[in-house]
Chemist: 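I'd like to ask you about the structure that follows.
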Amino acid sequence: MLEIEMPAGPVEQDPGARPALPVARVLVDTGLAHLDRPFEYTVPVELDERAVPGARVKVRFAGQDLGGYLLERVPAAEHEGRLAPLRTVVSDEAVLVPHVLQTAQRLAREQAGTVMDVLRLAVPPRHARAERSLAERAPEAVDPPDAPDAPPVSWTRYRAGAALWSRLSTGQSPRAALLTTPSHDPLTDWPRTLADAALATAASGRGSVLVVPDRRDLDRVDAALLAALGPDRHVVLHADQGPQARYTAWLKVLRGHVRVVVGTRAAAFAPVHDLGLVAWWDDGDDLHVEPRAPYHHVRQVLLARAELAGAAALVAGPSVSTDVVELVERGELVAVGGLGERTSAARVRVAGEGHDAERDGPAARAHIPSAAWRAARAALDHGPVLVQVPRRGYVPATRCAACRAPARCATCHGPLSLPGSGGQPVCGWCHRRDESWSCPECDGRTLRASVVGARRTSEEIGRAFPGVPVVRSGAPDVVASVPARPAIVVATPGAEPVAEGGYAAALLLDAWALLDRPSLRASEESVRRWLGAAALVRSWADGGEVVLAGAPEHAVIPAVEALVRWDPAWFAARELAERAELDLPPAAWAAQVLGSRDHLREVRDGLLALGAEVSGPAPTSGAGAGAGAAHAAGPHGAGSTAPAREEHLVVRVTRSADPGLVEQVRAHLAGLRATESGRKVADPVRVRVGPHVLD
């Protein structure tokens with residue numbers, strides 16, 4: 001049994017020297033869910049001035065020294081026993097500000113997690129040298145910039161954009177979803193749109209937090225903020241900065257030296273003074289989902305902060321997610337922007353439709369159809385051509401050449417891929433070579449490509465256009481930008497470089513590979529990926545063209561229609577309506593519980609007794625298992641690969657259920673984690689909450 005030194009009751013001291021508020025309530029970093037609550041300690045006289053709410057402290061807990069945060073000081077303890085004193089105050093910095101604590105508490109409730117899980121992500125580790133360095137040369141306060149007399153062109157190009165910008169500049173707090181239209185002008189592209197929103201907010205005397213998915217987007221918004229605000233008026237926060245640089249930037253925000261922050265996922269918690277705007281780009285990007293406990297989305301953090309601080313909220317992107325459409329339909333956000341306008345978009349064609357099939361025959365449905373070759377050849381006279389390939393590698397998936405059955409590893413049943421021309425097939429899961437593969441269905445021994453990767457596509461295009469440079473962009477070598485001269489750029493989704501002045505054309509290959517992914521959001525993600533690439537192409541008036549290749553034949557595919565019509569809002573609303581009929585997220589509340597099969601059966605019975613809908617247990621092991629292959633989290637939320645024996649439950653609460661059922665299920669899951677933590681269960685369950693658990 002865990003024995004805890006329960007500090008309670010003040011230490012006997014000289015009454016004249018006793019602090020006015022002698023009791024400190026401390027959130028201790030125990031790593032245990034059932035101890036995620038404040039504990040009381042006395043404040044020694046020598047620590048009275050330094051022991052301020054929000055400070056990092058060390059305390060004696062369960063026989064060891066642990067860190068924690070001092071939440072508040074009170075005149076008397078609730079506990080009647082003897083209290084232990086604070087060991088020390090680690091730093092004089094009050095790093096845990098009230099509105100970040102409130103956000104962490106709300107997020108922990110919503111995600112059936114713990115407050116310390118959230119705070120480990122919200123507050124960066126202390127770096128003493130950064131504190132000393134910043135104290136020795138404290139930056140001078142910079143006056144807020146002056147807003148333009150009229151809304152900038154980056155906002156007037158959108159319907160209702162000028163009104164929204166004006167409201168920000170006068171200190172109001174609108175909440176909007178902006179559907180951006182393509183632009184290749186630095187004064188009107190989307191990074192400048194976000195920067196001008198931060199400028200309007202800063203001119204009203206308030207701060208801003210801007211969050212983007214990755215480093216390439218971050219660099220673009222950083223440059224736009226510098227151009228809009230001037231030097232020393234914003235900071236950048238991201239994981240690649242290094243401990244000292246990141247903590248230094250974070251301290252500048254904490255101390256109020258700057259009030260504008262741009263960064264990736266963790267920047268959502270930046271302690272900006274007088275917060276007036278939270279904004280995030282491309283809501284559907286999975287990089288916005290935290291892979292560690294409590295597995296939240298940036299959207300949840302920023303909307304909670306906007307509500308607690310009375311700040312404006314803005315989500316922007318070339319497409320719109322079903323989660324954002326649901327917020328619009330509920331009236332929590334107002335739709336602003338293009339919504340079907342195609343004045344600056346490229347022309348979109350679907351290869352194999354119309355006269356293509358009659359003219360080109362079987363070549364109309366090839367990996368790179370004739371229509372795509374013709375578009376690329378014509379566009380290369382005017383600039384670079386983008387080729388989007390769904391998968392990286394050479395041949396990432398194979399089939400039997402005789403019967404078309406998927407080729408699988410004999411050891412683990414994982415998919416076999418070809419690493420290069422003439423190479424032996426390799427398993428994508430266990431990475432073993434299979435030199436003697438034979439098809440279990442027909443005994444065939446010849447493989448054919450099921451999906452062609454970026455490397456193989458680069459070879460094909462390089463041979464077709466000799467003398468034209470071929471640039472390949474994809475993990476781990478992502479190219480940020482390319483010049484305006486003719487070139488072929490082969491990129492995987494999300495790794496497309498920005499072309500100076502825009503691409504002359506884009507070829508979106510193997511559309512079926514994105515549409516056929518085993519995911520609830522396969523169609524939604526396809527539209528997002530396609531529009532993200534198409535937005536990099538010049539407008540129709542400037543000759544820009546997008547060719548979609550590999551779309552399924554003889555069927556009306558809403559995702560394809562959304563691309564051709566350039567109307568992602570229509571598609572997302574349609575997708576949301578279909579999910580509402582089926583009670584699927586985000587129309588219904590959902591959670592995923594992971595653990596051993598026997599354990600999950602007990603959990604399932606408890607959830608069914610409450611009235612929730614439960615599916616499973618079902619296996620989650622193996623690559624490609626979707627949400628089940630999520631990162632496992634230890635007591636401190638560190639990611640690791642899920643064990644092979646792990647299975648999962650899917651828990652849903654439908655729209656027609658009792659309105660209070662969601663809170664009951666959420667509390668049950670949180671209590672389950674706390675009980676297991678207190679009992680030291682050998683295989684505790686993990687809980688993921690939110691619409692992304694079925695992705």
Chemist: Examine the side chains of Gln172 and Arg167 and answer whether a donor and an acceptor come within less than 3.5 Å of each other.
Modeler: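 Judged by distance alone, the side chains do pair up.
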Chemist: I'd like to know if the side chain of His297 pairs up with that of Asp323 as donor and acceptor (distance under 3.5 Å, no hydrogens or angles considered).
Modeler: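 Looking only at side-chain atoms, Asp323 and His297 do not form any donor-acceptor pair under 3.5 Å.
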Chemist: What is the minimum heavy-atom distance between Val23 and Ala77, and which atoms define it?
Modeler: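 For Val23 and Ala77, the tightest heavy-atom pair comes out as CG2-N, 3.8 Å.
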Chemist: Going by distance alone, is a donor N or O of one side chain under 3.5 Å from an acceptor N or O of the other, for Ser91 and Glu131?
Modeler: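 Side-chain D/A pair, Ser91 to Glu131: present.
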Chemist: Do Asp214 and Thr264 touch side chain to side chain, with heavy atoms closer than 4.5 Å?
Modeler: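 The answer is no; the side chains never approach within 4.5 Å.
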Chemist: Name the orientation class of the two ring planes belonging to Trp281 and Trp190 (parallel below 30°, tilted from 30 to 60°, perpendicular beyond 60°).
Modeler: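 Judged by the thresholds at 30° and 60°, the geometry between Trp281 and Trp190 is parallel.
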Chemist: Which value, rounded to the nearest 0.5 Å, describes the distance between Leu302 atom CG and Arg175 atom CZ?
Modeler: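 Here the rounded value is 11.5 Å.
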Chemist: Please list, chain by chain and in numerical order, all residues satisfying side chain to side chain donor-acceptor pair (under 3.5 Å) with Asp274, sequence neighbours excluded.
Modeler: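 If we apply the side chain to side chain donor-acceptor pair (under 3.5 Å) test to Asp274, skipping adjacent residues, the hits are Arg259.
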Chemist: Between Pro38 and Leu71, which heavy-atom pair has the shortest distance, and what is it?
Modeler: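 Where Pro38 meets Leu71 most closely, the heavy atoms are CG-CD1, 3.8 Å.
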Chemist: I'd like to know if the side chain of Tyr247 pairs up with that of Arg129 as donor and acceptor (distance under 3.5 Å, no hydrogens or angles considered).
Modeler: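 No.
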Chemist: Using only heavy-atom distances, determine whether the side chains of Arg305 and His99 contain a donor-acceptor pair under 3.5 Å.
Modeler: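 Present: a donor and an acceptor within the cut-off.
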Chemist: If every non-hydrogen atom of Ala198 is compared with every non-hydrogen atom of Leu277, which pair is closest and at what distance?
Modeler: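 Looking at all heavy atoms of both residues, the closest pair is N-CD2, 4.1 Å.
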Chemist: Roughly how far apart are Arg688 CZ and Glu290 CD, rounded to 0.5 Å?
Modeler: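 Rounded to the nearest 0.5 Å, the CZ-CD separation comes out at 11.0 Å.
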Chemist: Under the side chain to side chain contact (heavy atoms under 4.5 Å, CB included) test, which residues partner Ala239, sequence neighbours left out?
Modeler: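 So Ala239 forms no side chain to side chain contact (heavy atoms under 4.5 Å, CB included) with any residue.
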Chemist: State, to 0.1 Å, how close Ala228 and Asp196 come at their nearest heavy-atom pair, and which atoms those are.
Modeler: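 Nearest pair, atom of Ala228 first, then Asp196: CB-OD1, 3.9 Å.
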Chemist: Between Arg601 and Asp598, does any NZ, NE, NH1 or NH2 come within less than 4.0 Å of an OD or OE carboxylate oxygen?
Modeler: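 Salt bridge: yes.
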Chemist: Is the shortest side-chain N to carboxylate O distance from Glu78 to Arg25 below 4.0 Å?
Modeler: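 Salt bridge present between Glu78 and Arg25.
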Chemist: Identify whether the distance between the nearest side-chain nitrogen and carboxylate oxygen of Arg686 and Glu646 falls below 4.0 Å.
Modeler: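 Judged by the 4.0 Å cut-off on N to carboxylate O distance, Arg686 and Glu646 do form a salt bridge.
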Chemist: Under 30°, 30 to 60°, or over 60°: which ring-plane class applies to Phe269 and His296, parallel, tilted or perpendicular?
Modeler: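 The rings of Phe269 and His296 stand perpendicular, inter-plane angle above 60°.
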